[in-house]
Amino acid sequence: QVQLVESGGGLVQAGDSLRLSCVASGRTFSMYAMGWFRQAPGNEREYVASISRLGVSTYYGDSVKGRFTISRDNAKNTVYLQMNALKPEDTAVYYCAATPRAAVTTTPKEYTYWGQGTQVTVSS
């Protein structure tokens, strides 16, 4: 069992930056690839970014590529999402998720554990 707790969300203006954190507890953090997803009201859950177990490989959704950066610190059991140049369309609840799969995946159903989410609101 892995417990995930996100933090760092808030209300910002367009063009601002935020850094989300997700702290994991339970099983060995480095056994899991990690991902960030987001969901706006009325929308399906959208893939944002993912990172391999040791942080060697990262992947991004097209809508955030070049603006967001995912990273992890296995010594601190934490995965981060640095969000720059935020846009109103980035407004959503952001979730971190963990998968025991060796290969990084963009599919929500392949992630086993999920956090409770943190709200990010970007005003224009």
Side-chain angles (χ1 to χ4, degrees):
Q1 192 78 3
V2 175
Q3 293 79 41
L4 302 172
V5 179
E6 304 97 333
S7 63
L11 172 62
V12 296
Q13 293 187 332
D16 286 350
S17 298
L18 273 178
R19 189 176 81 156
L20 305 183
S21 300
C22 173
V23 179
S25 60
R27 294 195 172 185
T28 305
F29 182 61
S30 59
M31 292 174 57
Y32 295 87
M34 299 297 295
W36 285 96
F37 294 80
R38 66 187 183 185
Q39 189 165 18
N43 291 358
E44 293 186 354
R45 193 160 292 191
E46 177 188 6
Y47 169 75
V48 175
S50 52
I51 188 166
S52 58
R53 292 170 175 174
L54 299 182
V56 174
S57 300
T58 58
Y59 301 89
Y60 298 92
D62 289 341
S63 61
V64 307
K65 203 170 294 183
R67 299 187 297 122
F68 290 12
T69 303
I70 188 171
S71 62
R72 67 189 296 162
D73 185 338
N74 286 348
K76 295 182 178 179
N77 289 358
T78 303
V79 61
Y80 304 98
L81 185 68
Q82 177 66 44
M83 306 186 294
N84 297 331
L86 282 162
K87 304 176 182 180
E89 50 263 44
D90 294 320
T91 295
V93 177
Y94 283 71
Y95 300 89
C96 73
T99 175
R101 290 174 56 89
V104 174
T105 175
T106 65
T107 306
K109 67 179 181 181
E110 294 181 340
Y111 285 80
T112 306
Y113 303 105
W114 292 81
Q116 82 290 346
T118 186
Q119 176 71 47
V120 172
T121 303
V122 184
S123 63
S124 57

When clusters are formed by joining ILVMFWY residues with side-chain heavy atoms under 4.5 Å apart, either directly or through shared neighbours, do I51 and V2 land in the same one?
-> yes
In terms of hydrophobic clustering (I, L, V, M, F, W, Y; side-chain heavy atoms under 4.5 Å; direct or indirect links), are M83 and V12 co-clustered?
-> yes
Which is it for T112 and Y32 under the side chain to side chain contact (heavy atoms under 4.5 Å, CB included) test, yes or no, and what are the steps along the way?
-> CA-CA 10 Å; T112 306; Y32 295 87; 5.8 Å; no
Closest approach of A14 to P88 (non-hydrogen atoms, all atoms of both residues) = CB-CD, 4.1 Å
Path from V120 to Y95 over hydrophobic side-chain contacts below 4.5 Å = no
Of all heavy-atom pairs between A33 and Y111, which one has the smallest distance, and what is that distance?
-> O-CE2, 4.3 Å
Hey, is the main chain of E110 close enough, under 3.5 Å, to the side chain of T99 for a donor-acceptor pair?
-> yes
Contact summary for G9 and L20, nearest pair of heavy atoms = N-CD2, 3.6 Å
Under 3.5 Å, side chain of Y80 to main-chain N/O of T69, donor-acceptor pair present?
-> no
Test T107 against Y47 for side chain to side chain contact (heavy atoms under 4.5 Å, CB included), laying out the working first.
-> CA-CA 7 Å; T107 306; Y47 169 75; over 6 Å; no
Please check if V23 and M34 belong to a single hydrophobic cluster, counting links between Ile, Leu, Val, Met, Phe, Trp and Tyr side chain heavy atoms closer than 4.5 Å.
-> no
Search all heavy atoms of A92 against all heavy atoms of A40 and return the closest pair with its distance.
-> CB-N, 3.9 Å
Are F68 and I70 linked, directly or through other ILVMFWY residues, by side chains that come within less than 4.5 angstrom of each other?
-> yes
Check N84, L81, L86 against L18 for a side chain to side chain contact (heavy atoms under 4.5 Å, CB included) and give me the one that passes.
-> L86
T91 side, atom OG1; L11 side, atom CG - distance, nearest 0.5 Å | 8.5 Å
Check whether any side-chain N or O of E6 sits under 3.5 Å from a backbone N or O of Q116 as a donor-acceptor pair, and report yes or no.
-> yes
Do S63 and R38 have side-chain atoms, one donor and one acceptor, less than 3.5 Å apart?
-> yes
Going through the distances and angles, do N74 and L54 end up as a side chain to side chain contact (heavy atoms under 4.5 Å, CB included)?
-> CA-CA 8 Å; N74 286 348; L54 299 182; 4.1 Å; yes
Test item: R53 side-chain N/O and M31 main-chain N/O as donor-acceptor pair under 3.5 Å = yes
The complete set of salt bridge (charged side-chain N to carboxylate O under 4.0 Å, His left out) pairs with one or both residues in residues 64-82, sequence neighbours excluded, reads D62-K65, R67-D90
Excluding sequence neighbours, so at least two apart, what forms side-chain hydrogen bond (donor to acceptor under 3.5 Å, both in side chains) with Q3?
-> S25
Distance from C22 atom SG to Y94 atom OH, nearest 0.5 Å?
-> 15.0 Å
Measure the acute angle between the ring planes of F37 and W114, then classify it against the limits of 30° and 60° as parallel, tilted or perpendicular.
-> tilted
F29 versus A24, closest heavy-atom pair with distance | CD1-CB, 3.5 Å
